[in-house]
Amino acid sequence: MVILVDTGSMRRLAVVVVSSVVGLGLVVAPSPAGAGVKAGARAVGAGAGVKAGETGAGRAQAVRVPGVVPVPVSIRATRGAYAITSSTRIVAAPHDKAASYLAHLLRRSTGYALPIVGSGGGIVIDSAGGTGLPAEGYRLSVSGHGILIKADSGEGAFRGVQTLRQLLPAKAEKSTRQHGPWVVKGVQIEDYPRFSYRGAMLDVARHFFTVSQVERYIDLAAGYKVNYFHLHLGDDQGWRIQIKSWPRLAKIGGRTAVGGDRGGYFTQREYAEIVKYAQRRYVTVVPEIDTPGHTNAALAAYAKLNCDGKARKPYTGTNVGFSSLCTSKEITYRFLDDVIRELAAITPGPYLDLGGDEAQSTKQPDYVRFMSRVQKIVHKYGKSLMGWEEIAAARLDADDVPEHWNPVTGTQDGTQLARSAAKKGLKLVMAPADHAYLDMKYTKKTRLGQDWAAIVEVKRAYGWDPAKLITGVGEDDVRGVEAPIWTETMRTMNDLEYMAYPRLPAIAEIGWSPRASHSWASFRSRLAAQGPRWAARDVDFYRSPQVFQ
Ligand code: ACM
């Protein structure tokens, strides 16, 4: 690993090679006189990572920066610091979403007014900065004079604000007024994502979660630069979205949940509220109605959707693979046309997800015909089809997105679909269950969750590369990553948080940070720095002994 260290006293640049990254700080003082750090120079793997003491090049000045997750493309600690005070202003264009988000966050904990103004100094957020960085990229610099976030889009500025947030004291995350000081140490960051899709999936079908719970889940994930929120809205145990042309779906199909727990559903207005909430965080909602299997709730709501015309009994168990829409009936396609039309109308994002996994009660030729047909309906309403990797058995368009989930690697059985999808030119989202599923137990003793794919401690969640997992699926075949959480065993917000934290940030970092920065030792110490932030927000996270000692 190469770390660039500018030895402040000698005013020249030293390159220090370190073999492991431990401790809590990375070093760097001002750049060499006149030259600045060369473009392309990268302090890879930095963040909370590196403790530099004396180096061969002279007296390195150790300047510590807090751990940032995901680790930025480059981060250099510099001299100086900026203190946010009662007279600090946020300088941004009117209605800048990144500025509003930051102001809202900091007004609560600092108690300062932090007005958003059009010009001057302070915390400057420039969303039209002409940085030339890739999509979502930003530059963040902190010096004694102020804080500057420059990006070429509101999205980039918002990602930069999430980084700035992690440079502040953890108490900045509190929702009530705290005592200062509010000092941000000098730093220069340049950052942009490795992959364009970094998702979190929440299953509200097995157990239902309210709008405010879903919003909290989105907000926490957005803090780690997650930019897609995949909402699993329909399964055997519950149908969770109002469809006006088929009202019994929600009214009857929405009543149930696993274990006889209380069900529920979102009205379209509530769903639109979630979409808007996500949009304010530059997060795109991907709604999923699983088909043709995982459909007992719909089959219980409407007898005519069943091949035998008889309504199914509501289901509150946790088996899979027993239900199927009747792929040979025309009503099935009229039904899906209505569902897709209504969902497309309230979903600004590019994807509608029709599941497609574990359709063990649908014959394979029927499955392929079904998926090819419903794919066209999704396209008719202006969306691309997303689904689990099984959908790759149908002919898909280049913009359609299969999601790899099977806990297999290399050329093992179960990798064929992902490999064939890549061969057809499709770009996959990678969510291997044995690394990325947040409902897998951390240890055998974890009270919640399942273990069918693996026991997934934090190190295992972090220990994979989406471009190396499956033979024949390389960097260019990958659209990104996703961390799904299935809720058979989860009933409360605390349950969700306990299983998602600290693993969700592991998947987020794999999706965002450069491949070359991947280091468990670095990640672990930066992740540990998140603990006080979660505590400040009352996040019920798992104190993994691998991370928190
Ligand atoms: C899945 O876990 N059945 C996608």
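Atoms within each ligand, like the ligands themselves, are counted from 1 in listed order.
Salt-bridge formation is not detected for the pair Asp538/Arg216: no Lys NZ or Arg NE/NH1/NH2 atom is positioned less than 4.0 Å from an Asp or Glu carboxylate oxygen. The residues Asp261 and Arg491 are annotated as salt-bridged, a charged nitrogen and a carboxylate oxygen being separated by less than 4.0 angstrom.
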For this session: Go through Phe548 and Phe541 one step at a time and tell me if the ring-ring contact (aromatic ring centres under 6.0 Å, His included) criterion holds.
Result: CA-CA 11 Å; Phe548 305 96; Phe541 64 100; 5.2 Å; yes

Problem set entry | Evaluation steps, ring-ring contact (aromatic ring centres under 6.0 Å, His included), between Phe266 and Phe208 | CA-CA 9 Å; Phe266 301 124; Phe208 182 64; 4.8 Å; yes

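Heavy-atom proximity to Glu358, at under 4.0 Å, picks out these atoms of ligand 1: 3 (N). Within the listing of ligand 1, atoms 1 (C), 2 (O), 4 (C) sit less than 4.0 angstrom from a heavy atom of Tyr437.
The protein atom (non-hydrogen) at minimum distance from atom 3 (N) of ligand 1 is Asp357 OD2, 2.7 Å.
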